Amino acid sequence: MWTLQTPPCLPVPSCSYRPISIAFRPSKPKPSNNYNDSIQSFCQKGQLKEALQLLFHEPNPTQRTYELLILSCSHKRSLSDALTVHRKLIDDGFEQDPFLATKLINMFSDLDSIDRVRQVFDKTFNRTIFLWNAFFRALTLAGHGIEVLDFYTHMNRIGIPSDRFTYTYVLKACVASESLVSLLPKGKEIHCHILRHGYERHLHIMTTLIDVYARFGCVGSASCVFSQMPQKNLVSWSAMLACYAKNGKPLDALELFREMMSNALLPNSVTMVSVLQACAALAALEQGKILHGYILRKGLDSILPVLSALVTMYAKCGALELGRRVFDQMGKRDVVAWNSMISSYGLYGFGAKSIEIFREMIRHGVSPSPISFVSVLGACSHAGLVAEGKQLFDSMSKEHKIYPSVEHYACMVDLLGRANQLEEAAIIIQDMRIEPGPKVWGSLLGSCRIHCNVDLAERASRRLFELEPTNAGNYVLLADIYAEARMWDKVKQVKKLLEAKGLRKVSGCSWIEVKRKIYSLQSVDEINMQIEQIHALVLKLSMEMKQNGYVPDTRIVLYDLEEEEKERILLGHSEKLAVAFGLINSSKGETIRISKNLRLCEDCHSFTKLISKYTNREILVRDINRFHHFRNGVCSCGDYW
DNA sequence: TCCTTGCCAC
């Protein structure tokens, strides 16, 4: 299944390096054990200044002396001391020591000083494979993946053999770049090199490969590598699990987790985080609670990422209060933990609460991250808090020195667009300092859909079709807008365009957990054994609802059909089927929890409001963006979503 | 001397 592809030739690095074999020989090898013991003792105690004083009083420091000092500078994260050590090292004639050069590269990498990493690499003539590997690691960590790949090509060309470490770094380099061009072909090419050099049984390289394919969204390739691995450990299982959880395959993730447990492999905190994500994606509350129990029994409840994942899991499963309880019991909270809570409130449309937690975080001395702003601005958007959102957006660069990224602009466009300030949203896009990507135009198009603005929608979709020619969702949105405006010829045109590109509309799907099992319902569902019973109930309910004021919202049906036919289509929406399935399979008074893969349509929304009143049930629906909590005929979103 | 998995937003 691996095709050997030769990607377009990468440019040779601008500066061409030739390895010059000058063996380094320290000038005066003088054993100085007591001295190094003292240095080591100071370094271990974190007394770097004292160690440096000793350095300047010792006439003959050794390689070991510098190794100790370099490690200590990394540990103390002190760039000024690092520069002092570097200068003295050069003065003492150690500049060409490849061992110390490797250590220096690691140190400057730890200190985020990538220019000095390059400088050390440039100046070292005897480039051992250790030096190359450290250099690649540093560049990869700094996000300069393309540069690593250029050097790797160069390294191959001049005949320097890679070792097993090189492969892990160059693989990671493929996913460590902000380049718009996918480096997947390069990753596949390196995969071929790895096979050719007989590393197909190497545990670490194969695990890295799984992770890299996962990040490219190539679930099939990742699982192919995984099943072919002769030995696996907890890390490789966890990597595969994360791959499923992150790529929209939560059921596969849970299945793999079960398999892992039956192989007597004990999950660690990292494993649990991915499994929790899978539960969150499925809104599988009961499963999630079982995992929480396991986490408590195994003492994993002191690990921050696990707790943050728990907060998010509970919130996404419709149990915001349980998430809040976990959050309240956290002894220490990092920015991720705070962000989890900020976005959880946002998910429920509790904008004011989200802002409150955001401010509380700052009061606690935790600086907001770019994601904090995505979360809080998203919350403002769902709650219609336009003024607050604008103020927060302003404070980003002014108070927190965080410069808005495409995601932040997309939030602002969404905030204004939803609030029917479409022109202002368009102005934001016009004035952006960075290239507005598909997320930004997509937000605008989504808002045009809500407020049925055909002109602006045409503008946005023209740009979107260029940027994302294969995203069916954009075509569907535009067709929706035309349908609502009753421009049936235009609807037909868009549909033809969709067909001509071989694209298909993502079909609606809802799922619901009944007695710890997850059931999915699709608009056209033949698999579910109860389907006839479900359809009958939906029909019965709709007739009764009609007597209670339900008017089917046939505007959203994308076909120019008779009203009756449109109504029939509306009744087949997966969310209504899920509501009926929930009513049939749960006991009286029990809350019905449903998730769906698309935005909730207006008709299902008003239908469910009435059902909640008529059947006296609380119904919680999570759509692609947020929660709707239906109670006694009203929805928590206040019909603003 | 250097290697593998994870939390928060879309």
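A quick note: this is a predicted structure, and the numbers were derived from the prediction, not measured. Reckoned from all heavy atoms, side chains included, excluding hydrogens, waters and symmetry mates. Reminder, nothing fancy here: chain letters follow the sequence lines and each chain counts from 1.
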Subject >> Trace of the ring-ring contact (aromatic ring centres under 6.0 Å, His included) decision for A:Trp338 with A:Phe358 >> reply: CA-CA 7 Å; A:Trp338 287 97; A:Phe358 178 84; 9.9 Å; no

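- Between A:Val235 and the choices A:Asp211, A:Leu203, A:Thr207, the side-chain contact (heavy atoms from CB on, under 4.5 Å) rule is met once, by A:Thr207.
- Residues of residues 291-298 of chain A having a heavy atom closer than 4.0 Å to DNA chain B: none are found.
- For the pair A:Tyr345/A:Glu356, no side-chain contact is recorded, criterion being any heavy-atom separation below 4.5 Å from C-beta on.
- For DNA chain B, there is no stem of at least three Watson-Crick or G-U pairs with distances under 3.5 Å.
- Using a 4.0 Å cut-off between charged side-chain N and carboxylate O, A:Arg324 and A:Asp328 make a salt bridge.
- Exactly one of A:Thr312, A:Ile295, A:Val326 qualifies for a side-chain contact (heavy atoms from CB on, under 4.5 Å) with A:Leu307. That residue is A:Val326.
- Between the side chains of A:Tyr66 and A:Asp97, no donor N or O sits under 3.5 Å from an acceptor N or O.
- Take A:Lys289 and apply the side chain to side chain donor-acceptor pair (under 3.5 Å) test, not counting sequence neighbours, and it matches no residue.
- With a cutoff of under 4.0 Å to any heavy atom of chain A, the contacted region of DNA chain B is bounded 5' to 3' by B:dT1 to B:dC10.
- A side-chain N or O of A:Thr271 and one of A:Asn268 form a donor-acceptor pair less than 3.5 Å apart.
- Remark: A:Arg116 engages A:Ser113 in a side chain to side chain donor-acceptor pair (under 3.5 Å) (not counting sequence neighbours).
- For DNA chain B, the neighbouring residues in residues 163-175 of chain A, judged by any heavy atom under 4.0 Å, are A:Phe165, A:Thr168, A:Tyr169, A:Lys172.
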